[in-house]
Amino acid sequence: MSKYHFNDIEAKWQKYWAENQTFKAENPVLSEVKGKSEKPKYYVLDMFPYPSGAGLHVGHPLGYIASDIYARYKRHQGFNVLHPMGYDSFGLPAEQYAIQTGQHPAETTKVNIEGGVDKNGNEIEGYRKQLDRIGFSFDWSREVRTSNPEYYKWTQWIFIQLFESWYDANLNKARSIEELRGIFSSEGNIHLNAVCDEGITHFTAFEWLDFSEIKKQEILLKYRLTYLAETEVNWCPQLGTVLANDEIINGVSERGGYPVIRKKMKQWSMRITAYAQRLLDGLNELDWPQSLKDSQTNWIGRSKGATVNFPILTFPKGEGTRPGYMTGGNNSRVLLERAKDMRNNSTDAEAILWEYLKSKKLGCKFRRQHLIDDFIADFVCLSNKFVIEVDGKIHGNQKEEDEKRTSILNELGYKVIRFTNEEVIGNLDNVLDTISKSIEQSDIPPLGARGTIPVFTTRPDTIFGVSFMVLAPEHDLVSKITTAEQKEAVENYIEATAKRSERERMADVKTITGVFTGAYAEHPFSGKQIPIWIGDYVLAGYGTGAVMSVPCGDQRDYDFAKHFNLPIPNIFKDADISEEAYSDKENTIITNSDFLNDLNYSEATEKIITALEEKGVGEGKINYRLRDAVFSRQRYWGEPFPIYYKDGMPQIIPTECLPLRLPDVEKYLPTEEGEPPLGRAEKWYWNEKNKEVVSPPLEGSGEDIFPLELNTMPGWAGSSWYFFRYMEDEKRDEVFASKEALNYWKNVDLYIGGSEHATGHLLYSRFWVKFMHDRGFVNVEEPFKKLINQGMILGESAKIKTLLVGLPYNENNVTKIHPIKVKLSFYSKNLLPETTDWFKDENIEKNIIDQILNDIPESFTNIFGENNPIANRLKGEAKSEIISVLKGHLLFKYISIPVDVNMIDGVDKLNIDKFLEWRNANKLALYYYENGNKFFVSREVEKMSKSKYNVVNPDDICEQYGADTLRMYEMFLGPLEQAKPWNTAGITGVHGFLKKLWKLYHSGPDETFFVDENPPSGGQGGLKTLHKTIKKTQEDIENFSFNTSVSSFMIAVNELSAQNCNSREVLEPLAILISPYAPHISEELWQKLGHSESISTAPFPKFEQKFLVESSKEYPISFNGKMRFTMELPLDLSKEEIESAVMAHEKTAQYLEGRTPKKVIIVPGKIVNIVG
RNA sequence: GCUCGAGUGGCGGAAUUGGUAGACGCGCUGGAUUCAAAAUCCAGUGUUUUAGGACGUGCGGGUUCGAUUCCCGCCUCGAGUACCA
């Protein structure tokens, strides 16, 4: 006698697979001996899991089961399958535990994976054991962990390659920095077309060769694919780190949900924008869900339009336009005469200084005795907004005057530096040094922005509709163009907007805010003055951070104009803009627009771009929403950057010194100075000469010792290339993956995981792979050919109803309800109506009220606390008196509270004993049962989470029903991509199926194993069932429709059981069919069938049509499209023969009721429809 | 707001290119077995009904001999995104 002992069977085969390395993938070997690698390759990968300490719930393995079924299927199909698993083990959660507990994150991570004692002191099994129990066919010999130095050595290596690369926009690929140096030395950067920082000055080859090494480094940094830059970042104060855009959900951090604010910091960035177009184009070749491609397309956000440069009219007071150097106020005419006079009668000190300043030795142009507003400044550098004053003897009131003068100049945006005559004459070198240092420190606007405001627009055709401009509050030019009058208002506004968190800003889109800068720009075609405003509806990060506002054509501009009473000129023929902007492109005819009049959208766009380019004030441009990715994290638990700083410039650690190991620190928090945790490391300096990590240098020594980078890499660093690492098995010390391995495995054929990685991991990986391809490190351009998103498995929370009792009272004319503590009552689901409001006692059974009142404590202060008006009033009254007061006033309300789903038996039936054990206090509660002793809970579908007590652990399911049942049931729940609720009660169906399957092979006496070696008796029923199932299973697996193949197995086993089939010819192929889904039972049956090898590579049964050939068909006979009856007819009948057979049928006459059919539709093998 | 996806029994879901709507499983009802329960097995199970039928795939139209499937217009729910100039 042999029952289906799934626990024993599963343990046996899991052990067998591990000992025999059954699922080890084989790399190509160069020797003569060829193994699995002679077979075609297939690479199945699951998205990299983070080994959380919370353990798995039944939702987690869903994708792994699907990919495992596919991997096993491919092995049956004769492929050499690579199906690896590993851990994305760096990351924030481990570090948060480390901060709380002081344990090293490496330790907690190890425990999470391998088991041990967790942070709460509980013994946990670990991720690996949980996975093993489900019977996955992973090749564990290739496991990787991103936090292992042997692994992150190569993450650091790739970072160095990015650092040593730049993007050639002509060739459209990344090239090495060495080549860029070559170009600079031979032709400078004048003809270079590279993706780089904004505002790079041009230089010749001659100048390049003359630059100091530091200057060269500084320039190269602007071209590198990973670069250091001051950027506006998403700072999360609670997490103490910067977050990338994709790590922020609804304005709060993805992990923890903490607020995020904007902040400027010096950060490593990745120049992913260089790849924007290729990332977009590459999507076309990928077999990915459309919605996922759409998210990436939206995220990259390509838009076509033009940039237009609007000249700034710096001073709006004067009439007309004036050259930019005329900075005088309304009294200019008089003062200019005086200035001329002063120039001719300068002091000695002024004369000496001027000799040096006018020669441009300091690198910028100075003017002397120059008019600024109503002052004559001694020396002015206009481009740097820098004033030098040389003072004579200082009297008391002179000093006061000077201070006033300085403060007004400051308000105008000038930096003022003062020297005495004696200083200039006595120590000129010192004075010049001070000046040049001060100039360096002052903010210089980016080159392209000086003098003009560039804007990006997708509607250059509407340029004549511009009536104002708006800059983002953070825009660099704001402080430089704001007039003295508007300074205060502008500063207040900037301060107010910077304080608002992202979330507030997003929540409050409706409120229109902004302020006028006082400055004007000139319309490049009409020459009209255009007021420049700032407003936070303009985002600093998109386009140029400035817009040309066309209120008649853009709703946001329209709203802004209406709100601030700005003009709304109409440039659309016959468009009504009295209520809202007219944003339609298709039916637009432009008017009031000079040379664009009477043109439509596309004609006008084409013409204006030509005009912009001819006039040199703009050009056609493609803009992307995608930003360069911030790559620094102010965290401990991540890859250290292989970078040290020499003279403030980043230098790379030689690759032979990698890995640069993460140092130990005593605390995982920022230092007192606000440096990242690595600032706490005792040894975190680089000795350039000895090539080693050392302690900080002592005073006066250590010219070879330099500080190492304190930031670490973000979570996506390690996960952007791990799929290549799995390809390598033997040469992991030498290379990230060998050429042979890369050539053989190429890329991932099937990638399964959640859709939450749409714009993070999946975009960054594609970027890195394209980069690695450009530089020749890999030979594919896309990492994942086919991708499937598995849907979430939701929990079915169990809720029980309980009754709340409250007493209404009046406080400041507001009715409040004071809760009254009474014995808790719990009600079975069907006993109560679905109400959520408070109701009066007339709707409640009298005995319940009596019960409640009876339980009310003697003393009212027990219920209400001291000093409560009700309690005070009733103080000292007898209980009976109190009850009579309360009676008729009490309010009641039913609420649902969650109970642990593991206390539910069968369908929604609460196990009261377990419940009592769980909530000790509830022993005193009252329970209201239905039908005698049944107590039911209500159900609600929600996300699985501990707080909702609806988590179902796969270990428990394996224990109770077996891994094969779990695997099949997860698939049976519904389509892989769809979200669906888990219902443990339903698992009995699948479990019953496996028992039935077992029984099918155990039809011998006393249920012993039995197969018949003869061909199936009783006709070909068995073979027909088998081949029908082969066909269906194969189609289903290839379409990833795993739920329907489970159904077809059930049908097959039901049919074969009914046929009493026990023929080897049927049962042996059937075991292979089911093996990808239920591998343990299949291996066991396979062995019983007499095989000594694992079933895992047994060839998949071949479908043969001949077994399905039918000679007749049960035709449905319809009348006017409604099926009335069926009749069996031979399939080889002609249409005419079918028609006459149908017409001869007695029921036909009955349904026709004497009418003559107008038409008879016959589709042979399908249907007959009689019309009439 | 925009983009994408989905609406079918009490529940999860099936239905190939337009061709017998509700496969398979859960639950429920009845029966067998059992001292009893579990397990197992058998039968039934969309709604309605005057038992012939009528109505049924979110709603309203359309195309067709025939529509869950195709077209048009709406409604609801879910996911993503968020002032992208």
Side-chain angles (χ1 to χ4, degrees), chain A residues 249-251 289-295 297-299 301-303 305 455-460 462 470 502 505-510 512 535-539 541-550 553-557 559-560 623-626 755-756 758-759 789 791-792 796 906-908 939 941 968-969 972-975 977-990 992-993 995-996 999 1032 1035 1039 1041 1043-1051 1054 1114-1126 1150 1157-1163 1165-1172:
Chain A
I249 310 287
N250 293 327
Q290 192 55 44
S291 61
L292 187 46
K293 292 193 197 179
D294 290 344
S295 316
T297 306
N298 289 337
W299 194 262
R302 182 185 199 264
S303 49
V455 301
F456 174 75
T457 175
T458 53
R459 293 294 304 271
T462 63
V470 185
E502 278 301 305
R505 218 171 131 150
M506 278 165 50
D508 175 33
V509 181
K510 291 275 174 289
I512 295 159
D536 72 357
Y537 84 94
V538 176
L539 305 174
Y542 182 73
T544 61
V547 301
M548 56 173 229
S549 298
V550 183
D554 182 287
Q555 194 57 42
R556 289 154 307 166
D557 295 343
D559 295 339
F560 195 84
N623 203 38
Y624 299 92
R625 199 184 78 126
L626 185 71
S755 55
E756 68 273 18
T759 51
N789 287 132
M792 207 189 311
E796 267 198 326
V907 179
D908 302 347
R939 292 293 191 141
V941 173
M968 282 212 142
Y969 186 53
F972 186 65
L973 279 177
E977 301 92 328
Q978 240 170 63
K980 58 238 159 203
W982 176 269
N983 178 3
T984 304
I987 205 168
T988 54
V990 170
F993 157 74
K995 284 202 245 179
K996 224 166 160 178
K999 241 171 117 179
K1032 177 84 177 134
E1035 280 170 6
N1039 293 317
S1041 174
N1043 54 327
T1044 51
S1045 41
V1046 177
S1047 300
S1048 66
F1049 293 143
M1050 289 175 170
I1051 295 167
N1054 286 345
E1114 184 95 350
Y1115 275 95
I1117 313 298
S1118 306
F1119 291 80
N1120 296 320
K1122 297 247 184 286
M1123 204 280 287
R1124 295 302 178 181
F1125 64 92
T1126 60
Q1150 184 193 325
K1158 286 184 192 135
K1159 208 171 167 188
V1160 180
I1161 312 254
I1162 293 164
V1163 184
K1166 291 261 184 188
I1167 198 172
V1168 176
N1169 191 15
I1170 299 164
V1171 188

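In this text, all values refer to a predicted model and were calculated from it rather than measured experimentally. Just so it is clear, the values below take in all heavy atoms, side chains as well, and ignore hydrogens, waters and symmetry mates. Every chain is numbered from 1 and lettered A, B, ... according to where its sequence line falls, protein lines coming before strand lines.
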Tell me the partner of [N], counting only Watson-Crick (N1-N3 plus N6-O4 or O6-N4) or G-U wobble (N1-O2 and O6-N3) with both under 3.5 Å; none if nothing fits.
N     : value
B/U81 : B/G1
B/G30 : B/C42
B/A14 : none
B/G9  : none
B/G60 : B/C72
B/U50 : none
B/C65 : B/G19

Hey, could you give me the [atom1]/[atom2] distance between [X] and [Y], rounded to the nearest 0.5 Å?
X         : Y         : atom1 : atom2 : answer
A/Leu973  : A/Gln978  : CG    : CD    : 11.0 Å
A/Met792  : A/Lys980  : CE    : NZ    : 10.5 Å
A/Glu756  : A/Ser295  : CD    : OG    : 12.0 Å
A/Asp294  : A/Trp299  : CG    : CH2   : 15.0 Å
A/Asn1120 : A/Lys1158 : CG    : NZ    : 8.0 Å

Which nucleotide wins on minimum distance to the side chain of [X], given the candidates [options]?
X         : options             : result
A/Thr1126 : B/G27, B/U20, B/G19 : B/U20
A/Pro1116 : B/U20, B/G80, B/A85 : B/U20
A/Leu539  : B/A85, B/G19, B/U20 : B/A85
A/Met1050 : B/C24, B/U20, B/G13 : B/C24

Stepwise, does the side chain to side chain contact (heavy atoms under 4.5 Å, CB included) test hold for A/Arg556 with A/Ile512?
CA-CA 9 Å; A/Arg556 289 154 307 166; A/Ile512 295 159; over 6 Å; no
Could you tell me the separation between the [atom1] atom of [X] and the [atom2] atom of [N], rounded to a whole number of Å?
X         : N     : atom1 : atom2 : result
A/Ile1162 : B/G19 : CD1   : P     : 18 Å
A/Asn623  : B/C84 : CG    : P     : 13 Å
A/Phe993  : B/C26 : CZ    : P     : 13 Å
A/Gln555  : B/C83 : CD    : P     : 16 Å
A/Arg939  : B/G12 : CZ    : C1'   : 13 Å
A/Ile987  : B/C26 : CD1   : C1'   : 12 Å
A/Phe972  : B/A14 : CZ    : P     : 10 Å
A/Asp557  : B/A85 : CG    : P     : 12 Å

If we take the [atom1] atom in both [N] and [M], what is their distance in whole Å?
N     : M     : atom1 : value
B/U49 : B/G13 : C1'   : 29 Å
B/U34 : B/G44 : C1'   : 23 Å
B/G10 : B/G18 : P     : 29 Å
B/C11 : B/A82 : P     : 36 Å
B/A15 : B/C24 : C1'   : 12 Å
B/C70 : B/G5  : P     : 12 Å
B/C4  : B/U20 : P     : 32 Å
B/U40 : B/G7  : C1'   : 39 Å

Would you sort out whether A/Tyr542 and A/Thr544 count as a side chain to side chain contact (heavy atoms under 4.5 Å, CB included), showing the intermediate values?
CA-CA 6 Å; A/Tyr542 182 73; A/Thr544 61; over 6 Å; no
Can you check whether [Y]'s main-chain N or O pairs, donor with acceptor, with [X]'s side chain at less than 3.5 Å?
X         : Y         : answer
A/Tyr1115 : A/Lys1166 : no
A/Asn623  : A/Ser303  : no
A/Asp554  : A/Val550  : no
A/Lys996  : A/Asn1054 : no

Touch check for [X], heavy atoms < 4.0 angstrom, all strands: base, sugar-phosphate only, or nothing?
X         : result
A/Asn1043 : sugar-phosphate
A/Lys995  : sugar-phosphate
A/Asn1054 : sugar-phosphate
A/Ser549  : nothing

Write out a two-atom table: protein N or O, nucleotide N or O from nucleotides 63-69 of chain B, distance below 3.5 Å.
residue : atom : partner   : partner atom : Å
B/C65   : O2'  : A/Asn1169 : ND2          : 3.2
B/C65   : O2   : A/Asn1169 : ND2          : 2.7

Side chain to side chain contact (heavy atoms under 4.5 Å, CB included), that's the test. Do A/Val1168 and A/Ile1162 meet it? Break it down for me.
CA-CA 5 Å; A/Val1168 176; A/Ile1162 293 164; 4.2 Å; yes
Whichever of A/Tyr624 and A/Tyr1115 has the more 5' nearest nucleotide on RNA chain B, that residue is A/Tyr1115
Given RNA chain B, 5'-ward residue of the pair A/Glu1035 and A/Ala979, judged by closest heavy atom
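Residue closer to the 5' terminus by nearest nucleotide: A/Ala979.
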For the pair A/Phe1119 and A/Phe1125, name the ring-plane relationship: parallel under 30°, tilted 30 to 60°, perpendicular over 60°.
tilted
Return the orientation label for the A/Tyr537 and A/Phe560 ring planes: parallel under 30°, perpendicular over 60°, tilted otherwise.
tilted
Return the polar atom pairs (N/O with N/O) between nucleotides 49-54 of chain B and the protein under 3.5 Å, or none.
residue : atom : partner   : partner atom : Å
B/G53   : OP1  : A/Tyr1151 : OH           : 3.0
B/A54   : OP2  : A/Arg1124 : NH1          : 2.9

Taking only N/O atoms, report every protein-nucleotides 3-11 of chain B pair under 3.5 Å with atom names and distance.
none

Is any side-chain N or O of A/Arg625 closer than 4.0 Å to OP1 or OP2 of B/U81?
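So the side chain of A/Arg625 is outside the cut-off, no N or O lying under 4.0 Å from OP1 or OP2 of B/U81.
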Short side-chain N/O contact from A/Thr1044 to OP1 or OP2 of B/G13, under 4.0 Å:
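Looking at the OP1 and OP2 atoms of B/G13, neither is under 4.0 Å from any side-chain N or O of A/Thr1044.
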Chi-angle category of B/G9 [syn within 90° of 0, anti beyond]:
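Base orientation relative to the sugar is syn.
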Just do the side chain to side chain contact (heavy atoms under 4.5 Å, CB included) check on A/Ser1041 and A/Asn1043 with the steps written out, would you?
CA-CA 6 Å; A/Ser1041 174; A/Asn1043 54 327; 3.5 Å; yes
